[in-house]
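Numbering of ligands and ligand atoms starts at 1, following listing order.
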Amino acid sequence: MKSILIQSGHVVDPANQLDGEADVLVQEGKITKVGKGLKVKADQTINAKDKIVTPGLVDIHVHLREPGFEYKETIATGTLAAVAGGVTSVACMPNTNPPIDDQAIVYFIKSKAEKEGHCHVFPIGCISKRREGTEMAELGELKRAGAVGLSDDGAPIMNAELMRRVMEYAKMLDLVVIDHCEDSNLSNNGVMNEGVASTLLGLRGIPAASETVMVARNIVLAEMTGARFHVAHLSTAGSVELVRQVKKKGLKITAETAPHYWALSDKSIKNYNSNFKMNPPLRSDEDVAAIRKGIKEGVIDCIATDHAPHASTEKQCEFDEAAFGIVGLETLFPLTYSHLVEPGIISLSRAIEMLTVAPSKIVGIDKGTLSEGVVADVAIFDIQNEQKVDVSKFKSRGKNSPFNGWNLKGFAATTIVGGEIKYQRED
Ligand SMILES: [Zn+2]
Ligand SMILES: [Zn+2]
């Protein structure tokens, strides 16, 4: 395997408190040295001057769609989109067909990712059998096969008694429970956030309470059972406040949000463009302000994309009928850099922490650092030059992004996975 020397970049590795110019040496697929002015010979040298060099990003909320929905995305195309965004590890959600509710599917995804994938893939197992929300899946079996967390994402667990038992088992198994927090009765087939914007557009609303009440219920159950509970795609001011309060009590509760919840609001929905339709929906300006504050204050632990590719036919229809979800892997860091770091909401180091070590800890994987001896997963980002988002160039099969045409900084220049260059931007 070729050795690689990444020279003169601004290295940001929060796990090792590194934030300054340094070289990074990769040998035999591992990080072997990080330091200033390394005097070594390598098979390949990458000049990273004026760029930032970080641990490969870790996205713990990705829909790879395989098996079952290969027309939307595959493990091959989804992981290619990941490396094009500087992401080197993804945790994939189990709402596939068949769903990841037994060990055979976990093995299938792992072996497929091994053969055709471009980055590391960590499956998340179902909470309930067939994702029906009634009967508990074989949680121990899922854990033994290698699932890193439990979720029925795409759907909530409406049955509180089931959630209680799942949390009890998950605690014994030391697995995190990741809930898509939504009360589907309150959502009542809504298609966007309930508020002034939905009234103006004449679309059915999903109240913020639909998420917030479920976050509250899950917090009560996590407190009762002692389970590790993680809030997926947190989007409301009320949820931020609940998580803030429980953190003061020292409970093992964590939360993620996604770039669209700080970069857009329900006012962004124009001309009934279904690329602005996702679940949870884009919220009010007050919610957006609370999300930014929650990020700034450390209430929100990590950033994930909820990358949800769909075929164009599922999006090019009436807003009411269109599928929920947007792609996110290829705009993850540009939206974080341009909309959180540049405006001074958080430091570059904190942003990288929220995209590397913090999510790795939540799902218990040994990723997200440039520590000497670890598998060499490295991302190099260009934060100097603005570039236009162009969905036609996306590696993802899904082109459903509301950010098409936006000018952003922070696109990935080079991505290294396991010591091999898996992505190189064409200039
Ligand atoms: Zn979800
Ligand atoms: Zn999701």
Ignoring waters, protein N/O/S atoms under 2.8 Å from the Zn ion (ligand 2) are His61 NE2, His63 NE2, Asp153 OD2, Asp306 OD1

Indicate yes or no: at least one non-hydrogen side-chain atom of Leu264 is less than 4.5 angstrom from one of Phe403.
yes

If the threshold is 4.0 Å, N to carboxylate O, is there a salt bridge linking Glu114 and Lys110?
no

Pairing of Arg244 and Glu241 as salt bridge, 4.0 angstrom limit
yes

Output for pair (Asp306 CG, Phe324 CZ), nearest 0.5 Å, gives 12.0 Å

With the threshold set at 4.0 Å, does a side-chain nitrogen-carboxylate oxygen contact exist between Lys361 and Asp301?
no

Can you tell me how far NZ of Lys171 sits from OG1 of Thr225, rounded to the nearest 0.5 angstrom?
8.0 Å

